[in-house]
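Worksheet: the structure to be examined is printed underneath.
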Amino acid sequence: MRAYGERRRVLVTGGAGFLGSHLIDRLIARGDEVICADNLFTGSKRNIAHLAEHPNFEFIRHDVSMPLTVEVDEIYNLACPASPVHYQHDPVQTTRTSVLGAINMLDLARRLNAKIFQASTSEVYGDPHVHPQIESYWGNVNPIGIRSCYDEGKRCAETLFFDYFRQYNVKIKVARIFNTYGPRMHPNDGRVVSNFIVQALRGEPITIYGDGSQTRSFCYVDDLVDGFIRLMDSNDDLTGPLNLGNPGEFTIRQLAERVVAQTGSTSTIEYRPLPSDDPTQRRPDISAAHRDLGWSPSIALEAGLERTIAYFRAQLAAA
Ligand code: NAD
Ligand code: UDP
């Protein structure tokens with residue numbers, strides 16, 4: 001572990017959430033000092049409770065749509081609800097979080113001359129006409145639909161990152177994250193992997209929206225966090241945007257069948273209406289991340305589901 005004064009000081013916004021808490025574990029393990037700023041909208045103190053007494057960890061309850069003054073060397077900007085159910089709950093606040101959050105964190109990075117990482121998303125590609133999705137594709141996004149608060153908020157945040165880079169020379173790192181799953185997703189998160197596992201373990205019907213032919217590519221959280229850190233640690237001239245995700249592509253029906261098989265559940269499948277603007281297909285082209293970071297995911301869906309199922313089994317047993 002590095003001595004005081006040699007330690008990197010890192011701010012993680014949204015650090016009490018699913019991805020943020022795993023990222024903080026990795027940063028603390030390598031000796032960084034971490035400040036977690038989170039308004040606990042979808043995150044939970046339980047995700048970071050094991051760090052509460054750690055001398056290199058500090059939690060601040062803070063909404064990123066307001067300015068924040070701290071002294072750090074690096075900023076990971078993850079604050080934003082990621083599940084459609086939650087980001088559509090208060091869509092105006094979702095846009096405020098993405099846009100004002102980006103401005104506030106970029107202003108902080110500019111003042112401190114700190115590197116700043118943005119958790120962008122495959123949603124910038126919308127319902128894509130190019131498959132698999134490559135970074136040079138500009139996307140097919142509805143600007144006025146129910147997903148727009150998230151999609152357009154994240155697109156505007158990317159615009160801000162690249163304008164702060166060009167106008168003020170801020171050192172930026174933009175990752176476009178594809179669907180990621182794993183332990184510490186909230187049981188009521190509403191995203192497909194956690195929904196299906198919780199339903200299967202409770203013996204409740206598995207809810208497939210639409211006919212289940214839409215596809216997604218699922219990345220296990222440890223692989224993704226490894227990509228975050230490699231991107232942040234890369235040379236300053238590597239700005240991204242870089243796709244980070246697992247290129248294994250599955251229909252939602254295939255996912256449901258796998259979860260039922262791997263949990264040994266007796267759950268039946270129930271079909272529900274498809275929400276509007278639900279993308280029909282999604283798979284990352286990760287050749288740029290492989291070339292620039294030497295990164296590619298190593299945990300296949302079956303192995304990642306095993307670990308995630310074990311986590312939810314323990315959570316439900318303790319509840
Ligand atoms: P999450 O909902 O578990 O975590 C988001 C965190 O941000 C929560 O702790 C929440 O309380 C916090 N937050 C929300 N609004 C805030 C605000 N205004 N101020 C401060 N904190 C706020 O979701 P996650 O899956 O961990 O996602 C983390 C980031 O990664 C998000 O920016 C999300 O858009 C992005 N992302 C995630 C995925 C994925 O599949 N998990 C895919 C693409 C992008
Ligand atoms: N989905 C589903 N049943 C659920 C939750 C989600 O069929 O209980 C579908 C959803 O319509 C979408 C896919 O699974 O097509 C992935 O949804 P999720 O909310 O996880 O993320 P998205 O990629 O849509 O943001």
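None of these values were measured; they are calculated from a predicted model. In each ligand, atom 1 is the first atom listed, and ligand 1 is the first ligand listed.
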Verify the neighbour count for atom [atom1] of [X]: are there more than 12 heavy atoms of other residues, nucleotides or ligands below 6.0 Å?
X	atom1	answer
Arg111	CZ	yes
Arg258	CZ	yes
His50	NE2	yes

Quick one: does [X]'s side chain get under 4.5 Å of [Y]'s, heavy atoms only?
X	Y	answer
Arg191	Pro84	yes
Ser194	Phe312	yes
Ile172	Leu106	yes
Thr97	Phe41	no

For Phe178 and Tyr125, take the angle between the two ring planes, folded into 0 to 90°, and tell me which bin it lands in: parallel under 30, tilted 30 to 60, perpendicular over 60.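 Ring orientation, 0 to 90° scale: tilted.
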Short N or O distance, [X] and ligand 1, threshold 3.5 Å exclusive:
X	result
Gly43	yes
Thr121	no
Asp189	no
Ile177	no
Gly17	yes
Ser122	no

Check Lys173, Arg7, Arg8 against Glu74 for a salt bridge (charged side-chain N to carboxylate O under 4.0 Å, His left out) and give me the one that passes.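 That would be Arg8; it is the only one of Lys173, Arg7, Arg8 passing the salt bridge (charged side-chain N to carboxylate O under 4.0 Å, His left out) with Glu74.
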Among Lys154, Arg216, Arg176, Arg147, find the residue that satisfies the salt bridge (charged side-chain N to carboxylate O under 4.0 Å, His left out) test when tested with Glu123.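 Only one option passes, and that is Arg147.
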Please list the nearest protein heavy atom to [atom] with its residue and the distance rounded to 0.1 Å.
atom	result
atom 3 (O) of ligand 1	Phe18 N, 2.9 Å
atom 5 (C) of ligand 1	Cys80 O, 3.2 Å
atom 31 (C) of ligand 1	Leu78 O, 3.1 Å
atom 27 (O) of ligand 1	Ala82 CB, 3.7 Å
atom 37 (C) of ligand 1	Leu19 CD1, 3.6 Å
atom 1 (P) of ligand 1	Thr42 OG1, 3.7 Å
atom 19 (N) of ligand 1	Val64 N, 3.0 Å
atom 39 (C) of ligand 1	Arg191 NH1, 3.4 Å

[X], portion touching ligand 1 at heavy-atom distance under 4.0 Å:
X	value
Asn179	backbone
Leu40	backbone
Met185	neither

Where do Arg155 and Glu158 land on the salt bridge (charged side-chain N to carboxylate O under 4.0 Å, His left out) test, with the steps shown first? CA-CA 5 Å; Arg155 284 168 68 95; Glu158 285 201 11; over 6 Å; no
State if [X] counts as touching ligand 1 under the rule of any non-hydrogen atom under 4.0 Å.
X	value
Arg96	no
Tyr150	yes
Ser120	yes
Gly101	no

Would [X] and [Y] count as having a side-chain donor-acceptor pair, cut-off 3.5 Å?
X	Y	result
Ser65	Arg96	no
Glu33	Asn56	no
His86	Gln88	no

Between [X] and [Y], is there shared hydrophobic-cluster membership here, with clusters defined by ILVMFWY side-chain heavy atoms closer than 4.5 Å?
X	Y	answer
Phe57	Leu23	yes
Phe18	Leu224	yes
Val259	Val198	yes

Please list, one pair per line, the donor and acceptor atoms closer than 3.5 Å that link side chains of residues 295-304 to other protein atoms, with sequence neighbours excluded.
unit_1	atom_1	unit_2	atom_2	d
Trp295	NE1	Asp223	O	3.0
Ser298	OG	Asp223	OD1	3.1

Which of the atoms in ligand 1, numbered in the order shown and given with their element, are less than 4.0 Å from a heavy-atom of [X]?
X	answer
Gly14	6 (C), 7 (O), 9 (O), 12 (C)
Lys154	31 (C), 32 (O), 33 (C), 34 (O)
Ala79	7 (O), 20 (C), 21 (N), 22 (C)
His62	19 (N), 20 (C)
Gln93	18 (N)

Which of the listed options, Asp38, Ile60, Thr94, holds the heavy atom that is closest to atom 12 (C) of ligand 1?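 Minimum heavy-atom distance to atom 12 (C) of ligand 1 goes to Asp38.
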Among Asn39, Asn77, Asn47, Leu100, closest by any non-hydrogen atom to atom 15 (N) of ligand 1: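 Nearest option to atom 15 (N) of ligand 1, by heavy atoms: Asn39.
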Atom pairs and distances, ligand 2 N/O vs protein N/O under 3.5 Å:
unit_1	atom_1	unit_2	atom_2	d
ligand 2	3 (N)	Thr207	O	2.6
ligand 2	7 (O)	Tyr209	N	2.8
ligand 2	8 (O)	Asn195	ND2	2.8
ligand 2	8 (O)	Thr207	O	3.3
ligand 2	8 (O)	Thr207	OG1	3.0
ligand 2	8 (O)	Tyr209	OH	3.4
ligand 2	11 (O)	Asp278	OD2	2.6
ligand 2	15 (O)	Gln214	NE2	3.0
ligand 2	15 (O)	Arg216	NH2	3.3
ligand 2	15 (O)	Asp278	OD1	2.6
ligand 2	15 (O)	Asp278	OD2	3.3
ligand 2	20 (O)	Val192	N	2.8
ligand 2	23 (O)	Asn179	ND2	2.9
ligand 2	23 (O)	Arg216	NE	2.7
ligand 2	23 (O)	Arg282	NH1	2.6
ligand 2	24 (O)	Arg147	NH2	3.0
ligand 2	24 (O)	Arg216	NH2	3.2
ligand 2	25 (O)	Arg147	NH2	3.0

Stepwise side-chain hydrogen bond (donor to acceptor under 3.5 Å, both in side chains) check, Asp127 with Thr280: CA-CA 6 Å; Asp127 192 3; Thr280 49; 3.0 Å; yes
Run Arg9 and Ile35 through side-chain contact (heavy atoms from CB on, under 4.5 Å) and show every step you take. CA-CA 8 Å; Arg9 297 166 305 170; Ile35 299 173; over 6 Å; no
